[in-house]
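Working notes, structure below.
In this chain, numbering begins with 1 at the start of the sequence shown.
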Amino acid sequence: MTEPEKPTDPGPESTPGSAGSERSAQPVLELDQSASASAYDPVAKKDDDGGRIGRFWSVRRVPAALLALVVLGGAGLLLYDVAAVRADRPAMGWRRAAAEYLAEWRLNEIAVLAAAGAVMLVGIWLIVLAVTPGLRSLLPMRRDRPHVRAGLHREAAALVLRDRAMEVSGVQTVRVRMGRSKASVRARAHFRDLDDVRADLDAALGVGLKELGLARPPALAVYVGRPPARKR
């Protein structure tokens with residue numbers, strides 16, 4: 001399914017109740033809607049103790065274990081080499097070669113600055129990963145019981161909203177993009193007035209989002225258009 005395209009003007013259409021009055025079809029852009037016009041109100045829920053329900057934290061056992069092994073191995077090897085030098089033994093060949101190689105570089109060279117910048121970016125990225133929850137694809141649900149936490153995957157939530165939208169009369173295809181703060185729905189209607197279809201989608205999807213039981217209900221954006229003439 002592709003995104004709705006701006007249809008060409010199909011020409012004047014007769015309005016019900018008046019055979020002589022005519023109106024031209026409105027472009028899709030005028031019928032797009034960046035927020036739901038229904039009674040749906042995305043209000044973030046709070047936990048039983050009055051606090052906001054947070055996201056799920058990724059355990060990260062495997063990355064933490066691998067990083068710990070690398071740091072432990074490197075620190076042990078360096079400590080052994082330093083102890084060997086203190087005991088009047090020659091340093092390892094790799095450390096002597098690395099020291100001679102690094103002595104040839106100057107701090108103001110472009111390659112050294114680029115390498116330092118890359119290492120700094122990697123370090124900042126690792127810090128951000130460490131202090132953020134992760135699991136962006138898992139949406140937290142309301143906690144009806146204090147010791148039970150539940151989550152819903154974005155793909156499952158988008159599939160539920162798509163099924164809801166397909167039940168609306170006149171809808172031919174639907175594409176749902178579920179985010180943490182916004183649910184974007186793009187539909188194509190092959191009959192009925194686009195305003196009526198969009199109003200029904202607002203109502204149906206608003207109810208669907210409430211029934212998902214999410215702790216932080218996302219905002220709802222609805223876009224309705226006509227399919228291309230060759231596909232009608």
Side-chain angles (χ1 to χ4, degrees), residues 1-6 29 32-35 42 44 47 51-141 149-159 161-162 175-186 214-223:
M1 292 179 289
T2 58
E3 295 185 359
E5 302 175 0
K6 182 178 179 181
L29 293 178
D32 287 348
Q33 181 176 294
S34 60
D47 203 347
R52 296 178 65 89
I53 300 176
R55 290 168 49 191
F56 288 88
W57 279 79
S58 177
V59 180
R60 302 185 178 102
R61 291 192 180 96
V62 175
L66 293 178
L67 181 60
L69 289 176
V70 171
V71 173
L72 181 62
L77 187 61
L78 184 60
L79 182 61
Y80 173 80
D81 188 56
V82 171
V85 173
R86 292 291 183 179
D88 296 331
R89 293 185 178 182
M92 292 185 178
W94 64 269
R95 196 157 76 100
R96 294 197 304 268
E100 293 175 359
Y101 178 76
L102 294 176
E104 299 176 358
W105 293 90
R106 296 183 179 179
L107 297 179
N108 58 353
E109 293 186 5
I110 298 179
V112 176
L113 296 177
V119 173
M120 182 185 66
L121 292 178
V122 172
I124 294 176
W125 178 60
L126 292 175
I127 293 175
V128 171
L129 291 180
V131 299
T132 53
L135 297 179
R136 298 179 62 87
S137 62
L138 193 61
L139 302 174
M141 302 178 67
R149 291 196 66 189
L152 184 64
H153 283 278
R154 290 189 191 180
E155 294 79 5
L159 183 59
L161 294 182
R162 180 185 177 277
R175 182 179 180 182
V176 180
R177 183 177 181 181
M178 191 72 181
R180 291 191 299 114
S181 60
K182 185 177 181 180
S184 179
V185 180
R186 297 182 179 272
L214 299 178
R216 299 179 181 179
L220 178 60
V222 180
Y223 305 90

Quiz item: For Arg154 and Arg136, what are the C-alpha separation, side-chain angles and deciding distance, and is it a side-chain contact (heavy atoms from CB on, under 4.5 Å)?
Solution: CA-CA 9 Å; Arg154 290 189 191 180; Arg136 298 179 62 87; 4.0 Å; yes
Quiz prompt | More than 12 heavy atoms from other groups under 6.0 Å of CD1 on Ile124 | solution = yes
Quiz item: Is the CH2 atom of Trp94 crowded by more than 12 outside heavy atoms at less than 6.0 Å?
Solution: yes
Exercise. Compare every heavy atom of Leu77 with every heavy atom of Met92, then report the nearest pair and how far apart it is.
Key: CE-CD1, 3.8 Å
Exercise. Taking all non-hydrogen atoms of both residues into account, name the closest pair between Gly179 and Pro218 and its distance.
Key: O-CB, 4.2 Å
Quiz item: In Å and rounded to the nearest 0.5 Å, what is the OG1 to CD1 distance from Thr132 to Ile127?
Solution: 11.5 Å
Quiz prompt | Residue pair Arg96 / Pro90, side-chain heavy-atom distance below 4.5 Å | solution = yes
Self-check item: Audit row: Val62, Leu66, side-chain contact (heavy atoms from CB on, under 4.5 Å) steps and yes/no
Solution: CA-CA 6 Å; Val62 175; Leu66 293 178; 4.0 Å; yes
Practice problem: Measure from the side-chain N and O atoms of Arg177 to the backbone N and O of Lys182, and report whether any donor-acceptor pair falls under 3.5 Å. | Solution: no
Quiz prompt | Matching residue for Glu109 among Val112, Leu113, Leu107 - test: side-chain contact (heavy atoms from CB on, under 4.5 Å) | solution = Val112
Quiz item: What is the distance from atom OG of Ser137 to atom CE of Met178, rounded to the nearest 0.5 Å?
Solution: 12.5 Å
Self-check item: Minimum-distance pair of heavy atoms, taken over all atoms of Trp57 and Ala130
Solution: CZ3-O, 4.0 Å
Self-check item: Test log, rule side-chain contact (heavy atoms from CB on, under 4.5 Å), inputs Leu139 and His153
Solution: CA-CA 6 Å; Leu139 302 174; His153 283 278; over 6 Å; no
Self-check item: Heavy-atom pair of closest approach, residues Gly151 and Leu138
Solution: C-CD1, 3.8 Å
Quiz item: Rounded to the nearest 0.5 Å, what separation is found between the CZ atom of Arg175 and the OG atom of Ser184?
Solution: 9.0 Å
